[in-house]
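A short write-up of the structure that comes next.
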Amino acid sequence: MQETPAVLISEVGPRDGLQSVKATMPTAHKLRWLDALHAAGLREIEVASFVPAKRLPQMADAAQVVRHALGLPGLTVMALVPNLQGAQAALDAGVHKLTIPVSASAAHSLANVRKTREDMVAEVRRIVALRDERAPGVIVEVGISTAFGCTLQGAVAPDDVVRLAAQVVAAGVDEAGLSDTTGMANPAQVRRLFTRVRAEIGERTGAAHLHNTRGLGLANCLAAWDVGVRTFDSSLGGLGGCPHAPGASGNVVTEDLVFMFEAMGLRTGVDLPRLMAARDALRAGLPDEPLYGMTPEAGLPKGFTQQEALHG
Ligand code: ZN
């Protein structure tokens, strides 16, 4: 009998990763990479972003990638949608879950989606209405970006983050998570802000999307775990996440995150040797991108075993 994992690792490399790099991964390579991630036991993957191809040519094959991912058993197929048009396309493609970025920083919101925060909440409401009408089984998540600080405006008021979380839940979303888009969070801040958001929206609190820009990624994940977060976004090889510091990875590295939780005895359902093997599929599709991760560098400790990883 398969136990439910204690932690859900939501792999964002095929979306967050690929949209942050200049090179475009050929579709056939994307599909093989998805197969490898799925074979490692990942059961939620953000596979694409539904944005106009002229803005992000890396995502021009989003519908095709979704179609392939839908054939992988037990996988929750997620896509990022910045607006109603994207949501329409993602629902047409048949995704199981939509994630909508809503910036807590007023400046980042205008720069990223050319909308005010209030306009974005209204857009979220329209996307939920579309979901209700066309695909009521689809989960809608909001990721509150720049929740821990913003390179454009500096500090972001925690009150703004908590209010936005309440507003998007009132707009009908199933989950609202917090994203450290620019890699500015620290563990004390992560603990405080997730605690406040949970007090406000309870079980609708969604994923922690944390970055490793300054080396605090895992510490921040653990802080979020301590205050009840059970879903974590991360990226194989730390791909993407707009790293600002030279030599620093952006997104939290999936391999290191899985190793941390598994070493603590918290089941992720992910098989570490197979996860590390999935790096070959990523490297084949993006030969010039640096891949990060301390666990793949060091290898697993001698005698390290995972208790019955969940195989597909
Ligand atoms: Zn990210």
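Numbering of ligands and ligand atoms starts at 1, following listing order. The figures that follow rest on heavy atoms only: side chains count, while hydrogens, waters and symmetry mates do not.
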Grab the two heavy atoms, one from [X] and one from [Y], that are nearest each other, plus how far apart they are.
X	Y	result
L84	E123	N-OE2, 2.7 Å
R55	N112	NH2-O, 3.7 Å
P82	V51	CG-CG1, 3.5 Å

Next on the checklist: Taking 2.8 Å as the cut-off, does S235 contribute an N, O or S atom near the Zn ion (ligand 1), distance below it?
Outcome noted: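 Of the N, O and S atoms in S235, none lies under 2.8 Å from the Zn ion (ligand 1), which means no.
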
Checklist entry - N/O/S of D16 less than 2.8 Å from the Zn ion (ligand 1)? => result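 Under 2.8 Å: D16 contacts the Zn ion (ligand 1) through an N, O or S atom.
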
Item to check | Vertex the Zn ion (ligand 1), arms to H209 NE2 and H211 NE2, rounded to 10° | outcome: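 With the Zn ion (ligand 1) as the vertex, the angle is close to 100°.
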
Next on the checklist: Grouping I, L, V, M, F, W and Y whenever their side-chain heavy atoms are under 4.5 Å apart, do L8 and V253 come out in a common cluster?
Outcome noted: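 No, no single cluster joins them.
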
